[in-house]
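Treat the numbers as computed from the prediction; the structure is a model and nothing was measured. If you read the sequence from its start, that first residue is 1, and numbering goes on from there.
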Amino acid sequence: MPSNDARILLQAAVPTAAVGAIAAVVSGVVAGGKGAIGAIVATLVVILFMGIGLYVLQRVAKSLPHLFQAMGLLLYTAQILLLFIFVAVFKNTSLFNPKSFALTLVVTTLVWIGAQARAHMKAKILYVEPDPSKGEKPENKGHSS
């Protein structure tokens with residue numbers, strides 16, 4: 001993974017994990033151990049889904065740049081749909097508190113999206129690939145010396 005991609009992933013994952021840890025503490029206080037487990041599971045799900053999505057999107061951007069915008073829209077739609085399916089499947093679970101899980105899922109998803117947008121805005125990513133020959137002087141074509 002190129003350094004810009006890794007940096008963006010890190011700048012999105014760290015705030016998400018921090019907010020997830022805060023949510024786990026708050027859920028633990030409000031809903032007990034099952035609330036904390038629900039918040040931790042939700043945080044891990046968001047980091048996993050969004051991290052894989054970011055990785056796939058960066059690969060598409062490198063190999064098929066003309067599909068980048070369409071793939072981004074499709075990817076975010078699929079991620080939100082998968083998160084809804086995940087919430088629906090675990091709606092009546094006894095493994096963790098579903099309300100803590102759902103609330104943490106929404107909050108950490110919003111934090112991830114905001115942090116990723118901020119990371120992209122602050123990144124200095126070239127939109128034009130520079131010439132691979134750095135040290136060479138440009139040739140004067142058409143001029144005779």
Side-chain angles (χ1 to χ4, degrees), residues 1-139 141:
M1 182 177 270
S3 64
N4 274 340
D5 299 345
R7 192 174 308 122
I8 289 171
L9 179 64
L10 187 66
Q11 289 176 350
V14 169
T16 303
V19 169
I22 293 168
V25 170
V26 171
S27 295
V29 169
V30 172
K34 290 194 180 228
I37 292 171
I40 291 168
V41 169
T43 302
L44 293 175
V45 165
V46 167
I47 290 173
L48 180 70
F49 279 21
M50 296 300 196
I52 290 171
L54 180 61
Y55 176 74
V56 168
L57 197 56
Q58 294 302 330
R59 297 280 305 218
V60 168
K62 300 275 188 285
S63 60
L64 303 166
H66 59 284
L67 294 179
F68 180 72
Q69 185 176 15
M71 186 63 179
L73 292 171
L74 177 68
L75 183 67
Y76 285 127
T77 303
Q79 285 174 330
I80 297 300
L81 181 63
L82 285 172
L83 290 175
F84 279 133
I85 291 170
F86 205 88
V87 168
V89 166
F90 287 101
K91 183 171 62 173
N92 296 321
T93 187
S94 62
L95 299 172
F96 50 79
N97 185 313
K99 288 183 182 179
S100 295
F101 171 78
L103 186 59
T104 303
L105 194 73
V106 169
V107 170
T108 53
T109 299
L110 292 174
V111 168
W112 178 283
I113 292 169
Q116 184 179 349
R118 182 180 185 276
H120 274 290
M121 287 173 41
K122 293 185 78 66
K124 293 180 171 48
I125 300 173
L126 299 174
Y127 61 91
V128 175
E129 291 293 323
D131 222 3
S133 55
K134 295 179 184 176
E136 298 177 12
K137 294 181 182 178
E139 295 180 20
K141 294 183 181 180

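- Residue pairs meeting the side-chain hydrogen bond (donor to acceptor under 3.5 Å, both in side chains) criterion with at least one partner in residues 67-77, sequence neighbours excluded, are Tyr76-Gln116.
- Among Val46, Ile47, Val41, the single residue meeting the side chain to side chain contact (heavy atoms under 4.5 Å, CB included) criterion with Thr43 is Ile47.
- The side chain to side chain contact (heavy atoms under 4.5 Å, CB included) search around Leu44 returns Ile40, not counting sequence neighbours.
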Without placing hydrogens or testing angles, list every side-chain donor-acceptor pair under 3.5 Å for residues 79-88, not counting sequence neighbours.
residue, atom, partner, partner atom, Å
Gln79, NE2, Phe49, O, 3.0

List the atom pairs, donor and acceptor, that lie under 3.5 Å between side-chain atoms in residues 97-107 and the rest of the protein, sequence neighbours left out.
residue, atom, partner, partner atom, Å
Asn97, OD1, Lys99, N, 2.9
Asn97, OD1, Ser100, N, 3.1
Thr104, OG1, Ser100, O, 2.7

Show me, pair by pair, the donor-acceptor contacts under 3.5 angstrom made by side chains of residues 8-34, not counting sequence neighbours?
residue, atom, partner, partner atom, Å
Thr16, OG1, Ala12, O, 2.7
Ser27, OG, Ala23, O, 2.8
Lys34, NZ, Ser94, O, 2.4

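- Side chains of Leu54 and Gln58 form a contact here, defined as non-hydrogen atoms less than 4.5 Å apart.
- For Arg59, the side-chain hydrogen bond (donor to acceptor under 3.5 Å, both in side chains) criterion is met by Tyr55, not counting sequence neighbours.
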